[in-house]
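Values in this document were obtained by computation on a predicted structure and should not be read as measured data. Both ligands and their constituent atoms are indexed starting at 1 by order of listing.
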Amino acid sequence: MSTFKQTASLEDYLEAIVILNQDGKAATVTAISKSIGVKKPSVEWAINKLSDAGLVVHKPYKDVKLTPEGTKIAHEVYRRHKILRSFLVNVLEIDPDIAEVDACRMEHLLSEESLKQLEKFMDFMLNCHPGNLVWHETFQRYLKYGDEDSELKARFNQ
Ligand SMILES: [Zn+2]
């Protein structure tokens, strides 16, 4: 596993619980450990931290439950994750598996300001802008053939 998995931030645990619950699965320590790819003692350590912060409740041998405050943060992280993943896959044409991992790294770092602007940019490029098909197709050609592509050269020199 990549190094970031071992240092998964506490937000990742909240996110993992939301995703498990959404899939109708109980957020047990084992399930969280599998979903994030860290060992159970690390999960237990993180859950204790989150419990101290009032974000989760964990009774022995039960699954981990989010408190209302934990739920709020978890949904916010997951919302960021989905926006970033969509940007990487649908705009930058990144492989979905890589996008998934990168989205999980980026979701903790971006300011709300940048994220909002990114969302608008995506909406503009993918939904509103009348030329969206042209730029998308052009970008795909560029990724495939580089700027030596004669059709692209012709377009840029128009
Ligand atoms: Zn994530």
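- Lys59 forms no cation-pi arrangement with Tyr61, by the criterion of a distance under 6.0 Å to the ring centre and an angle within 45° of the ring axis.
- Using a 3.5 Å distance cut-off with no hydrogens or angles, the side chains of His58 and Asn48 do not pair a donor with an acceptor.
- At least one N/O/S atom of Glu15, from backbone or side chain, sits under 2.8 Å from the Zn ion (ligand 1).
- With Thr28 contributing its side chain and Asp63 its backbone, the two residues share no donor-acceptor pair below 3.5 Å.
- For Glu107, the N/O/S atom at the shortest distance from the Zn ion (ligand 1) is named OE1.
- Lys40 and Thr30 are linked by a side-chain donor-acceptor pair at a separation below 3.5 angstrom, with hydrogens and angles left out of the test.
- When distances from the Zn ion (ligand 1) to the N, O or S atoms of His81 are compared, ND1 comes out shortest.
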